[in-house]
Every structure is written in C-alpha cells, then in structure tokens.
Amino acid sequence: MSSEVVEDEISSFFESSPPLKNMDGIIKKLNRFIKLNSSSRGENHQSDWREEDRVCVTSGGTTVPLEQRCVRYIDNFSSGNRGAASTDSCITFGSCETSCYGPPSLADGRLLKLPFSTIYEYLQMLRLIATALKDVGSCSMFYLAAAVSDFYVPWESMTEHKIESGSGPLDIRLAQVPKMLSILRSNWAPNAFCISFKLETDSKILIEKATKALQKYKVHAVVASELSTRKEEVVVVSSSGNVVVRRDCDKPDESIVEYNLIRLIVDRHSTYIKESHS
Ligand code: PMT
C-alpha cells in the first residue's frame with residue numbers, strides 16, 4: 001500500500017473518530033507536565049528533564065465499542081502488567097523517570113497517567129503526546145506496549161443505541177484500524193526512539209512477524225513475546241540482531257522480565273541519543 005493511501009486512511013480514521021472527552025483538560029495536563037519537567041538544569045533540579053528521561057509508555061488493551069452509547073464492546077488482550085512493570089523499572093534505573101500513559105502506580109510530578117479505554121481515545125492521545133513531546137526535544141522514547149485493536153466499527157456506521165438481541169445472530173463488519181507506527185515514525189515523532197511490541201500465540205511465526213514489523217515501520221526495536229511465556233522471556237529484535245531477555249528468579253530485582261528488558265532498552269536509548277548528537 002502506498003504511503004499516500006496509508007495517510008488517507010489515517011486522516012479519515014481521525015476525522016471520523018468521536019472527539020476525545022475532556023480534550024482541553026488532557027492538553028492542559030500534558031502541557032503542565034511538560035513545563036514542570038522542562039526547567040533548565042540547576043534552576044530546579046527536581047524538575048530537570050534529560051532527554052533520556054522522556055518516555056511515553058503505552059499499556060493495556062483498547063476496546064472497540066459496538067454501539068455509540070456503548071453497552072457492548074470487543075476487547076484486546078492485555079492485563080497492563082508489562083507497561084506498569086516497565087515504568088517501575090524505568091524509575092528504578094533512574095534514567096527515565098517519566099511515563100505518559102497507562103496504569104502505573106508511581107506519581108510525584110514526574111509521572112503523568114492518562115487513562116484510555118477505546119481505540120479512538122488511545123490513538124488520539126498517542127498523537128497528542130507525540131506531537132507535544134516533539135516540540136520540547138527530539139529524542140524521547142516511545143515504548144508501545146499497549147495491545148491495540150486491529151479491527152473496529154467505524155463511528156459513522158455504528159448504531160447509536162444498544163443492539164437489539166431479539167433478532168437472531170449478529171453480523172458485524174469490522175474495518176481495519178490503520179497502523180499508526182508509520183506516521184508516528186515519519187511525522188509525529190521522527191527523531192524519537194521507538195520500541196514497538198509483537199505478541200503471538202504461535203511461537204513459530206513470532207520472530208518472522210517481529211522482523212517484518214521492524215523493517216516495515218522502521219522502529220528501533222520490536223519486543224517479541226509469545227502469550228504463554230511472556231512473563232518469562234521476550235526477544236528484542238533489532239537491526240543489530242536478536243537478543244533473548246529472561247527473568248532470573250534467583251535475583252530479586254531480575255525476577256520480572258521487564259527489569260532486564262528496560263535495562264537493555266534504556267542503554268540502547270542512551271546510545272541512540274549520543275549518536276544523534278554526534
Ligand atoms: O499487558 P500484559 O498482560 O503484561 O501483556 C503485555 C503484551 C504481551 C500485551 C505486550 O507486551 C505486547 O506485546 N503488546 C503488543 C501486542 C501486539 O501484538 O499488538 P498489536 O499487534 O496490536 O500492535 C503491534 C504494534 O503496533 C504495537 O507496538 C502497537 O503499538 C502498534 N500499533 C498497533 C495497532 C495500530 N493501529 N497502530 C499501531 O501503531
């Protein structure tokens with residue numbers, strides 16, 4: 001598919017999306033958070049943001065409403081654990097103390113949580129965050145651990161009221177959600193360090209799919225997980241080769257796979273920043 005066609009699909013997705021509830025409030029929070037954490041070094045050390053610190057973690061699943069006044073919806077599998085544990089590990093490493101959305105539990109002015117439920121909310125918020133971060137520096141990290149719906153019911157073809165259950169089986173036609181990774185990389189945040197994720201249930205196709213995503217979307221790495229072993233190990237697929245990252249139950253810190261994963265990713269992000277500036 002040509003990039004013009006993809007861009008048209010993305011524009012029509014956003015044009016037909018219901019506007020974000022409380023968009024002004026979200027923008028205000030985001031801008032306040034960015035301002036608070038952008039003071040120059042020395043002026044207010046607590047609020048000093050280095051490029052390594054700017055991380056947008058997405059976490060959890062997105063829902064696809066079946067009715068505009070939603071009673072029923074389709075969900076995408078994700079407990080939100082990976083994003084939350086990764087954010088905790090970011091803070092532990094101290095080199096990236098900011099996370100932009102999902103359900104992590106830490107907060108002290110260095111963490112902004114922006115909750116979402118639907119695919120519409122998720123993608124509109126991702127665009128807002130990416131473009132806001134672009135204005136304050138180039139090398140932020142996007143750590144896209146959310147499980148984003150691939151199919152949805154376009155808002156204009158969705159019934160307003162609860163679907164009647166008395167009229168037999170339900171036929172629904174789902175449209176494909178345009179992948180936003182390409183526009184994130186090319187327009188929204190072209191200099192950001194971008195980590196995407198791939199979850200499969202069939203381990204035989206996992207690495208192939210992750211490698212294809214790496215090449216297609218030109219992200220810096222793809223974290224590949226198989227559903228049943230995702231808490232034990234992941235494979236970080238990148239142009240420098242594939243690295244298996246495991247948890248180590250004998251070491252308290254490393255008893256979650258995210259700790260070792262974030263250590264590797266933070267290290268690569270730092271190298272990326274150094275290379276971008278040299
Ligand atoms: O939350 P847990 O229970 O701990 O589980 C974590 C996880 C296994 C869900 C997580 O680690 C994971 O792998 N998430 C991605 C799952 C997946 O394969 O997502 P996807 O196929 O919807 O998307 C792949 C990538 O494309 C993602 O980085 C996503 O941000 C991106 N995407 C997806 C859809 C879309 N329209 N645009 C996108 O850019």
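All values below were derived from every heavy atom in this structure, side-chain atoms included, with hydrogens, water molecules and symmetry-related copies excluded. Residue numbers start at 1 and run along the sequence shown. Note that this is a predicted model, so its numbers are computed, not measured. Numbering of ligands and ligand atoms starts at 1, following listing order.
Side-chain contact of T63 with T118: a donor-acceptor pair under 3.5 Å is absent, judged by distance alone.
In the vicinity of G80, heavy-atom distances shorter than 4.0 Å reach the ligand 1 atoms 1 (O), 2 (P). Short contacts between ligand 1 and L144, defined as distances under 4.0 Å to a heavy atom of the residue, involve ligand atoms 27 (C), 28 (O), 30 (O). Near S196, the atoms of ligand 1 lying under 4.0 angstrom from a non-hydrogen atom of the residue are 28 (O). Close contacts between ligand 1 and V177 involve ligand atoms 36 (N) [criterion: under 4.0 Å to a heavy atom]. For ligand 1, the atoms lying closer than 4.0 Å to a non-hydrogen atom of A146 are 14 (N), 15 (C). Close approach of ligand 1 to L181 is summarised as follows: ligand atoms under 4.0 Å from at least one heavy atom of the residue are 26 (O), 31 (C), 39 (O).
Proximity of A224 to ligand 1 is not established, as no heavy-atom distance is less than 4.0 Å.
Ring centroid separation for the pair Y120 and F14 does not come in under the 6.0 Å cut-off. Taking the six-membered ring where the residue is Trp, the centroids of Y143 and F197 are separated by under 6.0 Å.
Protein heavy atom nearest atom 27 (C) of ligand 1, with residue, atom name and distance: F197 O, 3.7 Å. Nearest non-hydrogen protein atom to atom 2 (P) of ligand 1 is S79 OG, 3.3 Å.
Between R247 and E258 no salt bridge is recorded (no basic side-chain N to carboxylate O distance below 4.0 Å). Between R230 and E226 there is no salt bridge, since no side-chain N of the basic residue sits under 4.0 Å from a carboxylate O of the acidic one.
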Let me check something: any side-chain donor-acceptor pairs from residues 153-163 under 3.5 Å, sequence neighbours excluded? List them with distances.
from, atom 1, to, atom 2, distance (Å)
S157, OG, P154, O, 3.1
T159, OG1, H161, O, 3.3
E160, OE2, R69, NE, 2.9
E160, OE2, R69, NH2, 2.7

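Checked against a 3.5 angstrom limit, the closest N/O atoms of K198 and ligand 1 fall inside it. In terms of polar-atom proximity, A145 is counted as a contact of ligand 1, with an N or O under 3.5 Å from an N or O of the ligand.
With distances taken over non-hydrogen atoms, the option nearest atom 36 (N) of ligand 1 out of P178, A147, A210, A84 is P178.
Residues I26 and L128 meet the side-chain proximity criterion, which asks for heavy atoms closer than 4.5 Å.
If you look at S59 next to ligand 1, there are no close heavy atoms at all, none under 4.0 Å. With a 4.0 Å heavy-atom cut-off, ligand 1 is reached by the side chain of R230 but not by its N, CA, C or O.
Hydrophobic clustering, defined by side-chain heavy atoms of Ile, Leu, Val, Met, Phe, Trp and Tyr closer than 4.5 Å, leaves Y73 isolated from every other such residue.
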